2 protein chains.
Amino acid sequence: MTSSRNPRSAPTRHSREDVADAALDILNSYGLGDLTMRRLAQSLEVQPSALYWHYENKQSLLAHLADLIVDVPGSAAAETPGTTRVRTLCLALRERLLAYRDGAEVVASTLALGLGAEAPGRELTAALTDAGTDPETAQRVSGVLLHFILGQVSHEQQRAQAGSLGAATPTGTPESESAEFGFGIDLILGGLAALR
Amino acid sequence: MTSSRNPRSAPTRHSREDVADAALDILNSYGLGDLTMRRLAQSLEVQPSALYWHYENKQSLLAHLADLIVDVPGSAAAETPGTTRVRTLCLALRERLLAYRDGAEVVASTLALGLGAEAPGRELTAALTDAGTDPETAQRVSGVLLHFILGQVSHEQQRAQAGSLGAATPTGTPESESAEFGFGIDLILGGLAALR
DNA sequence: ACCTGAACACCGTTCAAGT
DNA sequence: ACCTGAACACCGTTCAAGT
């Protein structure tokens with residue numbers, strides 16, 4: 001994706017963003033289990049200790065990655081009305097999570113630790129209040145949607161790589177996963193509609 | 001909880017269940033992060049390699065723990081009608097997950113890897129079909145409920161120990177967590193009711 | 001049936017020092 | 001501003017061998 005690393009030449013200094021890019025490369029190529037500080041350092045041709053100049057520790061690196069996975073610059077758009085926009089936001093979030101191997105797990109753990117990746121929750125809550133939901137309910141529905149999205153997608157992603165190792169997991173087709181996902185979102189939004 | 005370990009005496013052989021009990025003790029006393037094979041061996045006063053006679057690897061030990069956390073022997077009971085029973089099952093599952101530190105995470109990862117902890121999903125699906133839902137819908141609603149439950153509870157549990165380290169996480173009271181949980185379940189079940 | 005001893009191939013993190 | 005070198009305190013897992 002990035003990093004035209006010149007093999008065997010000058011020391012090549014790195015920025016914080018370089019480190020994040022290299023980490024995302026490893027994530028997509030080998031998965032979260034292989035994203036270690038030592039492996040990352042190796043891919044940047046530095047010593048592991050060099051990474052601690054750019055990030056305080058591994059968790060804060062992962063938090064940065066979670067923000068990159070989840071923040072989509074031109075996403076304020078799509079001014080569809082009411083609850084349709086909420087649905088669109090959910091589908092878009094799923095796509096962003098699926099764009100990176102183990103994306104959902106990275107985001108979920110960062111969110112759980114309160115270290116970042118709060119943008120989707122804010123967007124969802126805003127869309128819900130715009131659709132006429134009161135703030136407290138909007139907050140709670142947003143939470144239900146997020147838990148479902150992160151759970152479903154990380155389940156999906158873990159099955160994908162468990163399945164690639166020949167496990168006998170009864171894996172659904174990509175289309176059936178999408179259908180299941182859409183069903184869940186509609187179920188929750190249907191519950192919201194039934195609330196009033 | 002168990003283990004009247006006699007200090008400084010005969011070699012004390014262990015069974016597979018002894019190992020699981022000791023693991024649950026460590027889980028509850030120190031959390032999942034401190035549940036390592038080496039620490040577990042130490043608590044049983046054996047070498048780490050001894051554990052691999054009882055379990056093929058760490059994952060299969062965790063899968064066993066997940067089943068113990070989730071399987072409640074006398075739970076076929078509570079013959080309340082229709083969708084009320086579903087709600088009761090969800091609340092009971094939450095209690096079981098909360099009974100062990102990091103219980104939700106242990107169960108979620110085991111479930112994701114397809115290595116166990118499938119009982120709650122089966123119970124929920126059965127209760128839903130008993131309530132008149134067609135099998136495919138029951139399966140999907142059960143999935144939505146499970147993702148929400150595991151997501152909400154593990155969020156809850158991770159905040160609890162992040163908060164115990166003085167982090168500035170805006171932590172809700174135990175009662176507000178329960179209310180939020182109940183709201184989510186009712187939202188989803190409301191969506192199901194609105195489906196017909 | 002259950003465990004030891006020793007090894008292998010790893011981890012994240014710290015810290016003084018270099019350029 | 002960014003990195004090295006060396007160390008510290010750990011991991012999970014394997015395997016021959018013991019009782």
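So you know, we letter chains A, B, ... as the sequences are listed, proteins then strands, and number each from 1. Given the structure is predicted, the values throughout are model-derived calculations rather than measurements.
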Suppose you measure atom C1' in dC3(C) against the same atom in dA16(D); what distance do you get, rounded to whole Å?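 It works out to 13 Å between them.
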Applying a 3.5 Å limit to both distances, which nucleotide forms a Watson-Crick or G-U wobble pair with dC11(C)?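 Check on dC11(C): unpaired, no WC or wobble geometry under 3.5 Å.
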Pairing check on dT4(D): which nucleotide meets the Watson-Crick or G-U wobble criteria with it, both distances under 3.5 Å?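 Pairing partner: dA16(C).
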Return the value, rounded to whole Å, for the distance between atom CG of L51(A) and atom C1' of dT14(C).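 Atom CG in L51(A) sits about 14 Å away from atom C1' in dT14(C).
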For atom CG of L44(A) and atom C1' of dC2(D), their distance in whole Å: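 Roughly 13 Å, once rounded to whole Å.
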Between [options], which nucleotide has the shortest distance from any of its atoms to the side chain of [X]?
X: Y52(B); options: dC2(C), dT13(D), dT14(C); result: dT13(D)
X: H14(A); options: dC11(D), dC3(C), dC3(D); result: dC3(D)
X: N57(A); options: dG5(D), dT13(C), dC3(D); result: dT13(C)
X: T36(A); options: dA1(C), dC2(D), dG12(C); result: dG12(C)
X: R38(A); options: dC3(D), dC11(D), dA7(D); result: dA7(D)

Counting N and O atoms only, with roles assigned by atom type, does the side chain of Y55(B) sit under 3.5 Å from a partner on the main chain of R16(B), one being a donor and the other an acceptor?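 Side chain of Y55(B) to backbone of R16(B): a pair is present.
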With a 3.5 Å cut-off and heavy atoms only, can you find an N or O donor on one side and an acceptor on the other between the side chain of S49(A) and the base of dG5(D)?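 Such a pair exists between side chain and base.
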Over 12 foreign heavy atoms within 6.0 Å of CD, Q139(B):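 Open: at most 12 neighbouring heavy atoms sit under 6.0 Å from CD of Q139(B).
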Is any side-chain nitrogen or oxygen of H54(A) closer than 4.0 Å to OP1 or OP2 of dC3(D)?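 It does, given that an N or O in the side chain of H54(A) lies less than 4.0 Å from OP1 or OP2 of dC3(D).
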Lys/Arg-Asp/Glu bridge criterion (N-O < 4.0 Å) met for D71(B), R96(B):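 Looking at R96(B) together with D71(B), the answer is no, because their closest N to O distance does not fall below 4.0 Å.
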Would you kindly say whether R122(A) and S142(A) are connected by a side-chain donor-acceptor distance under 3.5 Å?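 S142(A) and R122(A) do not have a side-chain donor-acceptor pair below 3.5 Å.
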